[in-house]
Chemist: 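Let me give you the structure first, and then I'll get to my questions.
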Amino acid sequence: MAAPAASSERLGDLLVREGLITREQLEKALQEQRQSGTRVGYNLVKLGFIQETELTKMLARQYKMPAVDLSKFEVDPRIAKLIPGDVAIKNLVLPLKRDGRTLTVAMADPTNLGVLDDLKFITRYDIFPVIGGEFTLKSAIEKLYENTADTQVNDLLSVIDDMESDVEVLEEKEEDQVAAQLSASMEDAPVVKLLNAILTDAVKKGASDIHFECFEFDIRVRYRIDGALMEVMKPPMKLKAALISRFKIMAQLNIAERRVPQDGRIKLKMGKKVIDYRVSTLPTLFGEKIVLRILDKGNLTLDLEKFGIEPKAEKDLMEAVSNPYGMVLVTGPTGSGKTTTLYSALSKVNNIDVNIMTAEDPVEYNLYGVNQVLVRTEIGMTFAAALKAFLRQDPNIIMVGEIRDLETGGIAIKAALTGHMVLSTLHTNSAPETVTRLMDMGLEPFNVASALNLVLAQRLLRRICGNCKIQYTPSAIEFDVAKVREDTTLRSLRFQQETVDNAKLKASKEAMPLLQNVTLDTRIMDLPFFKGKGCDQCAGTGMKGRQGVYEVMPMSPNLRKLILQNVGAAEIRDAAVDEGMLTLRMDGWVKVMKGITTLEQVVRETAV
């Protein structure tokens with residue numbers, strides 16, 4: 001494209017002559033330009049001396065190019081992808097629309113003609129430039145390109161450059177001489193900025209874990225967001241040794257030991273917020289894999305209703321925890337939210353008149369008013385030892401991080417039977433199986449039947465993205481995988497009317513009108529089903545956020561009788577369902593009915 005013809009008069013002088021700004025205002029803008037290196041027009045808008053639309057009109061007249069008001073223009077993200085994020089940010093250009101072989105591109109600097117040739121080469125389109133306001137153009141570019149892989153490293157480093165003074169490693173103790181020398185030599189290195197940027201960016205994106213993995217030809221960094229891993233960047237291979245060493249120094253680990261796994265902790269202060277990271281290293285074939293678990297107290301939500309627990313289940317749980325004595329067990333795999341559920345229950349009974357003591361490995365969150373003890377097996381401070389000590393500390397409520405063996409289980413049962421409320425976790429697949437697991441450990445059925453108040457099993461499912469949710473009809477194959485026939489009714493799935501009524505009241509806005517005529521005799525195929533079609537907010541996955549499913553089994557006289565008879569988990573489950581318990585799969589069906597999650601998620605995370 002031919003160069004735009006520009007008048008020889010400078011923009012500032014032109015604006016003064018037209019009466020749009022004063023000479024004093026121009027001098028202030030020029031002074032700002034000398035200090036910050038930004039252009040006169042940008043400074044005039046920033047200082048409020050001229051409207052951006054007036055400036056773009058004047059630029060359009062000066063350079064005989066069309067202007068566009070970007071505040072009234074919605075850019076299609078698919079069009080934006082035609083220009084890489086780093087090119088767009090560096091040159092302040094933004095593709096607006098495509099018409100045949102011509103791509104209309106907004107640019108802030110009409111004199112930057114070299115970029116037009118670059119864009120033509122990159123996009124393989126003819127470029128039609130228009131002038132856009134620099135202020136609005138910058139914000140539009142940031143919004144559209146903030147998550148692109150092309151700009152991830154640059155974005156991270158620019159973030160940390162801006163807030164470097166606000167990020168510091170806390171509680172970094174004295175290191176050995178080698179580590180101290182390496183730390184000093186790396187203090188100004190790019191690797192320090194890169195790691196700080198990764199740690200802060202993961203918190204900003206709501207990640208629960210950071211995975212740093214070494215392979216033969218590259219390094220990969222992934223975040224676990226809403227339970228799913230997503231790749232965010234691949235740092236240069238030459239930084240591998242420095243990155244691993246820096247991680248170890250921050251976590252106070254032995255940087256010379258590369259043959260055995262190590263565990264440590266990083267505490268970072270970001271502005272006014274303190275974030276804890278649990279660090280684990282593991283030697284692999286091509287280097288050490290490092291996984292960091294993010295413990296952000298700011299993200300700790302202690303409202304069970306927000307997690308999706310059904311009203312009856314929440315009522316049963318709070319009644320069990322409010323008892324003066326007995327045992328409440330929470331069960332599920334690692335990362336299913338067991339600790340959060342226990343903390344939520346503790347927060348409800350954390351009053352001035354009770355003494356609450358916990359033994360945890362590790363202590364994930366600090367709770368005011370709760371005496372928390374860190375279990376350290378290597379020095380003999382086991383769960384069992386902590387429990388014995390607790391009983392001499394006049395406790396009302398005791399929380400044990402996990403019952404792993406007969407000794408811990410035995411002391412916990414005795415504590416529950418002698419007037420203490422005991423909360424703990426196990427790794428079992430369902431609530432009824434927890435009872436049989438305790439007896440398999442060697443605990444007596446009469447002790448288990450007497451001590452247990454309630455068992456809760458839980459899982460976390462991914463939620464459908466609210467921005468791109470659509471209704472759809474599952475295929476016959478999906479019903480087969482879920483092990484139900486299409487003509488199966490809610491009654492035959494052993495639902496009760498109360499559950500259906502609650503689902504109608506708490507359903508999503510899309511599902512609520514479709515549930516009004518649902519009864520126990522409604523067939524599964526006639527229920528509303530939803531999924532996400534994929535959008536920018538959910539990174540094209542159709543899923544955003546997580547939701548709990550719960551199997552809450554309160555101990556009734558009938559269930560205690562079955563436990564005394566030493567029956568299997570299946571008989572206990574059937575009796576509990578008859579009394580109104582929702583199994584994990586049934587609670588999953590409720591979340592599907594409500595339009596919260598997908599059938600695929602329920603099948604993946606729960607068993608029939």
Side-chain angles (χ1 to χ4, degrees), residues 1-12 14-15 18 20 38-46 50-152 154-155 158 467-468 533-537 539-540:
M1 177 170 175
S7 63
S8 57
E9 193 171 9
R10 292 187 303 178
L11 175 65
L14 192 61
L15 292 170
E18 292 288 329
L20 293 170
T38 49
R39 294 207 309 271
V40 172
Y42 180 83
N43 294 326
L44 287 168
V45 175
K46 186 174 80 169
I50 189 172
Q51 292 291 324
E52 193 174 54
T53 50
E54 292 292 332
L55 180 66
T56 52
K57 285 178 186 175
M58 188 57 64
L59 283 169
R61 279 174 51 192
Q62 187 185 22
Y63 290 98
K64 295 181 173 58
M65 287 172 65
V68 63
D69 184 357
L70 290 169
S71 63
K72 297 178 181 176
F73 202 97
E74 191 68 37
V75 181
D76 187 341
R78 290 172 296 184
I79 300 294
K81 288 178 182 175
L82 293 173
I83 295 179
D86 54 347
V87 175
I89 291 168
K90 180 182 177 183
N91 298 288
L92 276 183
V93 293
L94 181 66
L96 300 180
K97 66 175 183 176
R98 184 177 58 198
D99 187 12
R101 295 300 310 160
T102 301
L103 184 66
T104 302
V105 176
M107 58 193 306
D109 183 7
T111 63
N112 189 3
L113 299 176
V115 72
L116 298 179
D117 294 329
D118 293 342
L119 293 178
K120 186 172 182 179
F121 176 77
I122 292 168
T123 63
R124 307 295 181 187
Y125 284 95
D126 295 324
I127 305 299
F128 181 73
V130 295
I131 295 176
E134 187 170 350
F135 237 74
T136 313
L137 190 58
K138 274 188 173 180
S139 62
I141 289 171
E142 286 171 7
K143 180 181 174 184
L144 281 162
Y145 292 102
E146 63 180 353
N147 292 322
T148 59
D150 292 333
T151 61
Q152 194 72 35
N154 291 332
D155 285 350
S158 66
N467 187 55
C468 61
K533 63 180 179 181
C535 65
D536 290 339
Q537 288 189 21

Chemist: Do you know the tightest heavy-atom contact between Cys468 and Cys535?
Modeler: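 Minimum heavy-atom contact is SG-SG, 3.7 Å.
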Chemist: With rounding to the nearest 0.5 angstrom, report the OG1 to CZ distance, Thr123 to Arg101.
Modeler: 8.0 Å
Chemist: Could you report the tightest heavy-atom contact between Pro95 and Ile83, atom names first, then the distance?
Modeler: CD-CD1, 3.7 Å
Chemist: Minimum heavy-atom separation for Gly132 to Thr56, with atom names?
Modeler: C-CG2, 3.8 Å
Chemist: What residues, two or more places apart in sequence or in another chain, satisfy side-chain contact (heavy atoms from CB on, under 4.5 Å) together with Ile122?
Modeler: Pro84, Val87
Chemist: Identify the heavy atoms of Lys120 and Tyr125 that sit nearest to each other, and give their distance.
Modeler: CG-O, 3.3 Å
Chemist: Which residue, Leu119, Asp118, Val115, Asp117, forms the side chain to side chain contact (heavy atoms under 4.5 Å, CB included) with Ile127?
Modeler: Leu119
Chemist: Quick one: CG on Asp69 to CD1 on Ile131, what's the gap to the nearest 0.5 Å?
Modeler: 13.5 Å
Chemist: Tell me the side-chain hydrogen bond (donor to acceptor under 3.5 Å, both in side chains) pairs involving residues 127-138, sequence neighbours left out?
Modeler: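 Only Arg39-Glu134, Glu52-Thr136 qualify under side-chain hydrogen bond (donor to acceptor under 3.5 Å, both in side chains).
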Chemist: Starting at CZ of Arg98, measure out to CG of Asp126 and round the result to the nearest 0.5 Å.
Modeler: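 It is 13.5 Å, given to the nearest 0.5 Å.
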Chemist: Measuring only between side-chain heavy atoms, which start at C-beta, is Val130 closer than 4.5 Å to Phe128?
Modeler: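 Answer yes - side chains close enough.
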Chemist: Shortest non-hydrogen contact from Ala67 to Ala60?
Modeler: CB-CB, 3.8 Å
Chemist: Mind running side-chain contact (heavy atoms from CB on, under 4.5 Å) on Asp99 and Thr104 for me, showing each step along the way?
Modeler: CA-CA 8 Å; Asp99 187 12; Thr104 302; 5.9 Å; no
Chemist: Please report the interatomic distance CG(Leu96) to CE(Met107), rounded to the nearest 0.5 Å.
Modeler: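 One finds 12.0 Å between CG of Leu96 and CE of Met107.
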Chemist: Which heavy atom of Leu137 sits nearest a heavy atom of Leu92, and at what distance?
Modeler: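 Reported closest heavy-atom pair: CD2-O, 3.2 Å.
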Chemist: Walk me through whether Val93 and Leu116 qualify under side-chain contact (heavy atoms from CB on, under 4.5 Å).
Modeler: CA-CA 10 Å; Val93 293; Leu116 298 179; over 6 Å; no
